[in-house]
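Predicted, not measured: the structure shown is a model, and the values here were computed from it.
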Amino acid sequence: MNRRGHILLVRHNYGEGLLLPGGAVKKNEEDAKALRRELEEELGITEISIANKLGEYRNTYEYKIDTVVVFTVDSFALEEKRHFDIER
């Protein structure tokens, strides 16, 4: 989410509906670093200025427990990129 309340959602090839972008956090990787890595890998978003951590939530969908961390972002640069998981 940014200052104006816009929320970035993506449509994955393997599911239905719009979802928050994301991915796994690597061992010993900080959440903010994982955010930057995943957004660049999947969407081509770089130069991310993180405003703050909005919250941390538990997702128990599909019989597993995931922690979802949501950030607000002030600004970023976009170089459109195609990724096999994301529909365009």
Side-chain angles (χ1 to χ4, degrees):
M1 179 187 320
N2 65 14
R3 282 189 220 175
R4 295 180 4 189
H6 297 143
I7 297 173
L8 174 63
L9 299 173
V10 297
R11 186 179 311 277
H12 290 102
N13 293 329
Y14 52 81
E16 293 187 28
L18 295 169
L19 301 168
L20 293 169
V25 177
K26 295 178 179 179
K27 186 176 181 177
N28 299 320
E29 185 177 38
E30 293 179 11
D31 293 337
K33 185 173 181 182
L35 167 74
R36 287 185 169 92
R37 179 180 50 75
E38 287 290 340
L39 290 178
E40 183 170 0
E41 286 175 2
E42 295 187 4
L43 301 169
I45 294 174
T46 60
E47 300 175 35
I48 300 165
S49 171
I50 297 173
N52 62 36
K53 183 173 165 179
L54 186 62
E56 200 167 296
Y57 309 90
R58 293 281 174 160
N59 178 14
T60 56
Y61 182 71
E62 295 181 338
Y63 309 103
K64 57 184 177 182
I65 299 173
D66 289 325
T67 301
V68 179
V69 182
V70 180
F71 289 91
T72 59
V73 173
D74 281 341
S75 62
F76 62 88
L78 175 63
E79 182 178 313
E80 199 162 335
K81 184 176 190 175
R82 298 197 69 69
H83 189 272
F84 65 91
D85 276 347
I86 307 295
E87 279 188 27
R88 293 276 181 210

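Listed by first and then second residue, the salt bridge (charged side-chain N to carboxylate O under 4.0 Å, His left out) pairs that reach into residues 14-29 are E29-R37, sequence neighbours excluded.
Linking ILVMFWY side-chain heavy atoms closer than 4.5 Å, directly or via other members, places L54 and V68 in a single hydrophobic cluster.
For S49 (side chain) and D74 (main-chain N/O), no donor-acceptor pair under 3.5 Å exists by modelled atom type. With R36 contributing its side chain and I48 its backbone, the two residues share a donor-acceptor pair below 3.5 Å.
At least one side-chain heavy atom of D31 sits less than 4.5 Å from a side-chain heavy atom of V25. Contact check for I65 versus R58: side-chain heavy atoms found under the 4.5 Å cut-off. At a threshold of 4.5 Å between non-hydrogen side-chain atoms, the residues Y57 and V70 count as touching. Using a 4.5 Å cut-off on side-chain heavy atoms (C-beta onward), L43 and L8 make contact. Side-chain contact check for D66 versus T60: every heavy-atom pair is 4.5 Å or farther apart.
The number of heavy atoms from other shown groups lying within 6.0 Å of OH (Y61) does not exceed 12.
For the side chain to side chain donor-acceptor pair (under 3.5 Å) test, no residue two or more places apart in sequence or in another chain qualifies with K33. Contacts of E56 classified as salt bridge (charged side-chain N to carboxylate O under 4.0 Å, His left out), with partners at least two apart in sequence or in another chain: K53.
The CG atom of L39 lies 10.0 Å from the CZ atom of F71; values are rounded to the nearest 0.5 Å. The structure places CG of L9 at 5.5 Å from CG of L18, a figure rounded to the nearest 0.5 Å.
The two atoms that bring A24 and E38 nearest to each other are O-OE2, 3.7 Å, heavy atoms only.
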